[in-house]
Amino acid sequence: WSEDIFRRTSTVRDGKNHGLVMFLDWSGSMADSLIETIEQLIQLSMFCRKVNIPFEVYAFSSMAPALFGKGSSSYKNTNDNHNYYPNFTLLNFLSSKMNRQQFDAALLNVYALAMANDYDSDIRLYGSGNFGLGSTPLNEALLAAMNIVPEFQKANRIQVVNTVFLTDGAGNGWSIPSQGTVRFPGDRLPIRVNRRSATRLFADVLRDRTGSNIVNFFLANWQPARFERMAWSYFRDDKKIAAAAETWRKDNYAIGDRDDDGWDEQYLIRTRRVENTDISLIDDKASSTKK
């Protein structure tokens, strides 16, 4: 599997210090692409360490914190009329704060967890609670980021923070009904949702309060025909859909054109499992998009 989910290029503008905070969807639907995603996260984390870019990698889960040993969460909706995951947990898999020994051990552990949660693996943790995959508390992760990103920025003296969410679907955790309101700590007045989704609202608040660039990598194992059926939700323009379908078919990616969920940028990535790949067969002139 040789497609790059991330383009590992560092651009530093105006001499500003950059940092990266990543939130990985640790849900059951990720099982068929989890290994590939973790491989890309590992490569990006190693790159960040190499060029001294501060970073943190979290997985967000709906599983009970007690099942992971340590952990707790105060990010939950106390109104019983709405949906929320009382056991929302963040797992800090990788960090630039780790020393070399800790980082090397963490790489092995994270990859082992990905292997154990893979559909085709002989080792199964899926759904067991022992670092198994749950649901998608995306909105809870956005709320948590409102504290995590400023703390990360302050601790590392970062001027520009890029906050990345890797998902394969919409969040199905905390929700706010249409025309409902939410009040954040320190605010005098609540914010009305109007017709915006809770995800859009939380992303907008995260951006406003932290100044972070918010990027989404949406992972989907869609054949080209299905991509064209689904693409209207991301482009709403026939010409843009046709152009995106072409890059999806040829290069396994498309760049989203809408911001209904509040992302500054959205990259749709086609995940495909390639069996029995022998790297000795790769042409010396092959690129990252040619098999």
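Below, all heavy atoms of this structure are taken into account, side chains as well, without hydrogens, waters or symmetry copies. Positions are given from 1 along the sequence.
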Over all atoms of both residues, closest heavy-atom pair of Phe227 and Ala254: CZ-CB, 3.8 Å

Gap between atom CD of Glu39 and atom CG of Leu34 - 0.5 Å precision: 10.0 Å

Steps toward side-chain contact (heavy atoms from CB on, under 4.5 Å) verdict (Ser96, Ile53): CA-CA 8 Å; Ser96 56; Ile53 295 176; over 6 Å; no

Asp251 side-chain N/O to Thr247 backbone N/O, donor-acceptor pair under 3.5 Å: no

Minimum side-chain heavy-atom gap Leu166-Thr37 below 4.5 Å: yes

Spatial distance of atom CG (Leu94) from atom CD1 (Ile38) [nearest 0.5 Å]: 7.5 Å

Heavy-atom donor-acceptor pair, Glu228 side chain to Ala225 backbone, under 3.5 Å: no

Aromatic ring proximity, centroids under 6.0 angstrom, Phe93 and Trp26: yes

For Thr167, the option from Thr199, Asn216, Thr136 that meets side-chain hydrogen bond (donor to acceptor under 3.5 Å, both in side chains): Asn216

Sub-4.5 Å side-chain heavy-atom contact between Val57 and Asn92: no

Pair Thr163-Ser212, side-chain donor/acceptor within less than 3.5 Å: yes

Stepwise side-chain contact (heavy atoms from CB on, under 4.5 Å) check, Glu140 with Phe60: CA-CA 8 Å; Glu140 288 84 340; Phe60 57 91; over 6 Å; no

Parallel, tilted or perpendicular, as decided by the 30° and 60° cut-offs, for the rings of Phe55 and Phe103: perpendicular

Joint hydrophobic cluster, Val51 plus Met22, side-chain heavy atoms closer than 4.5 Å: yes

Validation row, ring centre Trp222 to ring centre Phe218 under 6.0 Å: yes

Test side-chain contact (heavy atoms from CB on, under 4.5 Å) applied to Leu268 and Ile255, step by step: CA-CA 6 Å; Leu268 287 74; Ile255 300 176; over 6 Å; no

Value rounded to 0.5 Å, distance of CZ in Phe88 from CG in Leu138: 9.5 Å

Check: Ala141 main-chain N/O paired with Asn139 side-chain donor or acceptor under 3.5 Å: no

Inter-residue atom distance Glu151.CD - Met146.CE, 0.5 Å rounding: 13.5 Å

Contact summary for Leu219 and Asp168, nearest pair of heavy atoms: O-CB, 3.2 Å

For Asp25 against Met30, the heavy-atom pair lying closest together: O-CG, 3.3 Å

Aromatic ring proximity, centroids under 6.0 angstrom, Phe23 and Tyr58: yes

Trace of the salt bridge (charged side-chain N to carboxylate O under 4.0 Å, His left out) decision for Glu246 with Arg249: CA-CA 5 Å; Glu246 185 69 8; Arg249 182 180 65 83; 3.0 Å; yes

Exceeds 12 heavy-atom contacts within 6.0 angstrom, atom CE of Met46: no

Sidechain-backbone polar pair: Glu56 side chain, Val21 backbone, donor-acceptor under 3.5 Å: no

Spacing of Phe202 atom CZ and Asp204 atom CG [to the nearest 0.5 Å]: 11.0 Å

Closest contact, heavy atoms only, Ser135 versus Ser27: O-CB, 3.2 Å

Side chain proximity check, Leu44 to Leu20, heavy atoms < 4.5 angstrom: yes

Side chain Gln159, main chain Asn17, donor-acceptor under 3.5 Å: yes

Worked verdict on Ile35 versus Met115 for side-chain contact (heavy atoms from CB on, under 4.5 Å): CA-CA 6 Å; Ile35 291 177; Met115 290 285 290; 3.5 Å; yes

Contact summary for Leu90 and Ala144, nearest pair of heavy atoms: CD1-CB, 3.7 Å

Point-to-point distance, once rounded to the nearest 0.5 Å, from NE2 of His18 to CG of Asn156: 13.5 Å

Nearest heavy-atom neighbours spanning Asn52 and Pro54: O-CD, 3.6 Å

